[in-house]
**Q** 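If you scroll down you'll find the structure; I have some questions about it.
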Protein chains: 2
Amino acid sequence: MAKKINKQIDNSTEEKIKEAARKLFTKKGFAAVKTRDIAEEAGINLALLNYYFRSKEKLFDIIMAEAMQQFIQGVALIFNDEKTSVDQKLEGVVENYIDMLTHYPDLPFFVLNEIRTHPEKMAAKMEAIIQPARSTFFKQIHEMMIAKKKEPIHTLHLMANMMGLIVFPFIGAPLLKKINNVNDKQFIELMRERKKLIPIWIKGMIMAM
Amino acid sequence: MAKKINKQIDNSTEEKIKEAARKLFTKKGFAAVKTRDIAEEAGINLALLNYYFRSKEKLFDIIMAEAMQQFIQGVALIFNDEKTSVDQKLEGVVENYIDMLTHYPDLPFFVLNEIRTHPEKMAAKMEAIIQPARSTFFKQIHEMMIAKKKEPIHTLHLMANMMGLIVFPFIGAPLLKKINNVNDKQFIELMRERKKLIPIWIKGMIMAM
DNA sequence: AATTATTTTAATCAAATGATTAAAATATTG
DNA sequence: CAATATTTTAATCATTTGATTAAAATAATT
């Protein structure tokens with residue numbers, strides 16, 4: 001009954017279960033994953049899962065919280081840095097995000113699906129996203145557009161475009177690869193290419209009005 | 001046992017079940033939907049569902065096939081029309097797609113998730129997508145870039161960008177709305193705006209290299 | 001080594017869930 | 001209207017699945 005007090009190194013059973021849960025939940029979603037699948041993937045007994053995490057829901061919530069954290073992590077720091085220019089920030093986020101997504105390609109789907117299906121539940125956690133999103137970066141861009149007497153674009157357009165260009169290729173990867181006869185290695189290389197291209201495209205959009 | 005021969009007008013029980021299944025499946029995915037939910041939503045008895053569609057899987061397959069059809073429908077026609085210019089095609093697809101997505105905002109998630117989780121199963125049906133995707137449109141763009149001595153962009157970039165700009169706002173809608181304090185009506189208006197903006201942005205990309 | 005605390009297991013429960021069946025209600029046809 | 005086919009229902013099955021329990025194995029502490 002006493003659980004564990006000190007979380008120590010924790011490359012233990014608890015972490016193995018989380019690892020397995022993360023892999024399966026992100027790939028198949030909450031409902032499609034059976035607790036027995038997780039147990040098997042983790043190489044442990046089913047009862048362990050409930051012993052450590054109390055329930056499937058609780059375990060899922062932990063995995064989801066960490067995924068959301070990762071989804072927004074980095075962006076906040078970069079966007080809130082007042083010392084860097086728009087260009088630097090742009091290149092920073094794009095590079096950061098594409099690297100992250102290359103390692104965790106299922107993350108956007110996982111997080112966005114949760115937001116979509118349980119918006120109320122996510123409302124609280126989204127505050128963490130909202131803050132950096134309304135950061136200096138977008139203010140800087142707005143000032144830039146006004147200075148150059150361009151029609152300022154709605155922030156939603158700007159965010160949708162940035163996220164769309166960065167994130168969508170990973171969401172649509174299986175389709176895009178198949179259609180364009182691109183294998184995994186080539187796909188990764190193309191994503192690398194986008195690190196340089198996306199900032200150029202975005203700047204083009206800002207100035208195109 | 002004899003099923004029905006002539007599908008007639010079919011605003012009947014069968015269609016009611018499909019309607020309910022479509023609504024629930026697209027919103028929550030296969031595993032999260034219970035056959036009893038569908039029955040209740042359709043206002044019929046559970047046994048009816050199995051009587052008409054034999055199983056939950058079969059019903060899902062029908063809904064999914066129709067969703068995929070809708071997802072690619074229109075694009076094929078527009079992209080394969082050799083008489084229209086690149087600009088006309090671009091504006092056509094964007095307009096067409098955004099209208100469709102405004103009515104069925106959950107469609108991309110539904111279809112892309114299926115492709116992602118069951119790529120083998122989808123391989124056959126994807127042929128229908130592959131054909132129009134390699135259509136005259138992309139050839140025209142390539143020729144255009146070469147003629148203007150621009151570095152030609154990989155087709156995957158082009159497709160990812162177009163789909164990203166068109167589709168992503170709907171996938172990320174709950175997040176984007178929340179962050180930007182945008183309500184449903186305003187969101188739809190912004191999507192309308194994008195019908196004009198996206199073609200401009202895309203053309204900017206093609207010429208930016 | 002003996003005692004206590006922690007971790008792991010096998011067995012089992014109760015509820016949920018996809019599917020079936022046999023019979024009743026309704027519509028169609030001769 | 002009688003006979004037949006179709007549609008709908010209620011009741012029930014057999015699995016699956018999340019969770020619990022009590023006991024065994026292992027580790028930690030004195």
Side-chain angles (χ1 to χ4, degrees), chain A residues 1-65 110 114 117-118 121, chain B residues 1-65 110 114 117-118 121:
Chain A
M1 254 325 118
K3 290 293 158 62
K4 47 179 54 171
I5 310 293
N6 47 346
K7 280 211 163 182
Q8 51 188 326
I9 310 161
D10 238 343
N11 196 346
S12 53
T13 308
E14 191 170 338
E15 193 53 38
K16 272 198 303 186
I17 297 173
K18 277 178 62 178
E19 205 76 56
R22 180 157 30 244
K23 178 178 169 183
L24 294 176
F25 279 143
T26 52
K27 204 199 293 178
K28 317 188 352 168
F30 178 78
V33 173
K34 315 301 168 199
T35 51
R36 283 167 175 82
D37 299 344
I38 300 174
E40 189 184 14
E41 175 76 30
I44 51 101
N45 188 285
L46 171 60
L48 261 294
L49 190 150
N50 288 292
Y51 171 75
Y52 280 111
F53 297 96
R54 190 72 190 153
S55 78
K56 184 188 176 188
E57 266 86 4
K58 294 254 172 61
L59 175 54
F60 179 83
D61 287 346
I62 292 169
I63 302 298
M64 177 56 69
F110 184 57
E114 180 66 10
T117 48
H118 303 100
K121 202 175 169 186
Chain B
M1 249 333 114
K3 289 295 158 62
K4 49 178 56 171
I5 310 293
N6 48 346
K7 281 211 161 182
Q8 50 189 328
I9 310 160
D10 236 344
N11 195 345
S12 53
T13 309
E14 191 170 337
E15 193 53 37
K16 273 198 304 187
I17 296 173
K18 277 177 62 177
E19 205 76 55
R22 180 159 28 246
K23 178 178 169 183
L24 294 177
F25 279 143
T26 52
K27 204 199 293 180
K28 317 191 343 171
F30 177 79
V33 173
K34 314 304 167 199
T35 51
R36 283 168 175 82
D37 299 343
I38 300 174
E40 189 184 14
E41 176 77 30
I44 52 102
N45 188 284
L46 171 60
L48 261 294
L49 190 149
N50 288 292
Y51 171 76
Y52 279 112
F53 297 96
R54 190 71 189 155
S55 76
K56 185 187 175 188
E57 266 85 4
K58 294 254 172 61
L59 175 55
F60 179 83
D61 287 345
I62 291 170
I63 302 298
M64 177 55 69
F110 185 57
E114 181 66 10
T117 48
H118 303 102
K121 202 175 170 186

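Letters A, B, ... are given to chains in the order of the sequence lines, protein chains preceding strands, and every chain is numbered from 1. Since the model is a prediction, treat every value here as computed from it, not as a measurement. Atom set for the values below is all heavy atoms of this structure, side chains included, hydrogens, waters and symmetry mates excluded.
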**Q** Would Lys27(A) and Phe110(A) count as a side-chain contact (heavy atoms from CB on, under 4.5 Å) here? Give the steps.
**A** CA-CA 8 Å; Lys27(A) 204 199 293 178; Phe110(A) 184 57; over 6 Å; no
**Q** Would you mind reading off the distance between Phe60(B) atom CZ and dG18(C) atom P, rounded to a whole angstrom?
**A**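 The answer, rounded to whole Å, is 13 Å.
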**Q** Can the ring centres of Phe25(B) and Phe60(B) be said to be less than 6.0 Å apart?
**A** yes
**Q** Separation of Lys56(B) atom NZ from dT20(C) atom P, in whole Å?
**A**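 Going from Lys56(B) (NZ) to dT20(C) (P), I get 15 Å.
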**Q** With a cut-off of less than 4.0 Å, is there a side-chain N or O of Tyr51(B) near OP1 or OP2 of dT7(D)?
**A** yes
**Q** Rounded to whole Å, how long is the line connecting atom CG of Leu48(A) with atom P of dT20(D)?
**A**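 Distance, rounded to whole Å: 14 Å.
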**Q** Take atom CG of Leu46(A) and atom P of dT7(C), then tell me their distance rounded to the nearest Å.
**A** 18 Å
**Q** To the side chain of Lys34(A), which of dG18(D), dT8(D), dT17(C) is closest?
**A** dG18(D)
**Q** Rounded off to whole Å, could you give me the CD1-to-C1' distance for the Ile17(B) and dA19(C) pair?
**A**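 Rounded to the whole Å, the gap is 14 Å.
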**Q** Output the rounded distance in Å from CD (Glu14(A)) to P (dT7(C)).
**A**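 After rounding, the reported distance stands at 9 Å.
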**Q** Is Leu49(B) touching bases, backbone alone, or none of the nucleic acid, heavy atoms closer than 4.0 Å?
**A** nothing
**Q** Please report, rounded to the nearest Å, how far the C1' atom of dC13(C) is from the CZ atom of Arg36(A).
**A** 11 Å
**Q** Of all the choices, dA19(D), dT7(D), dT21(C), which nucleotide is nearest to the side chain of Ala47(B) once you look at every atom?
**A** dT21(C)
**Q** To check you understand the geometry: which heavy-atom pair defines the closest contact between Leu24(A) and Glu41(A), and what is its length?
**A**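 Heavy-atom minimum between the residues: CD1-CB, 4.1 Å.
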**Q** Between Thr35(B) and dA19(C), does any side-chain N or O lie under 4.0 Å from OP1 or OP2?
**A**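 Answer is no, no contact under 4.0 Å.
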**Q** Mark yes or no for whether Lys56(A), through its side chain, and Phe30(A), through its backbone, hold a donor-acceptor pair below 3.5 Å.
**A**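 Flag set: sc Lys56(A) to bb Phe30(A) pair under 3.5 Å.
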**Q** Verify the contact: side-chain N or O of Tyr52(A) to OP1 or OP2 of dT8(C), cut-off strictly under 4.0 Å; return yes or no.
**A** yes
**Q** Flag the pair Thr35(A) / Leu59(A) as yes when at least one side-chain heavy-atom distance between them is below 4.5 Å, and no otherwise.
**A** no
**Q** Give a yes/no on whether any side-chain N or O of Asn50(A) is located under 4.0 angstrom from OP1 or OP2 of dG18(D).
**A**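 For Asn50(A), the contact criterion (side-chain N or O under 4.0 Å from OP1 or OP2 of dG18(D)) is not met.
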**Q** dA19(D) P sits how many Å from Asn45(A) CG, rounded?
**A**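 From Asn45(A) CG to dA19(D) P: 15 Å.
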**Q** Can you figure out which of dA19(C), dA10(D), dA10(C) approaches the side chain of Glu57(B) most closely?
**A** dA19(C)
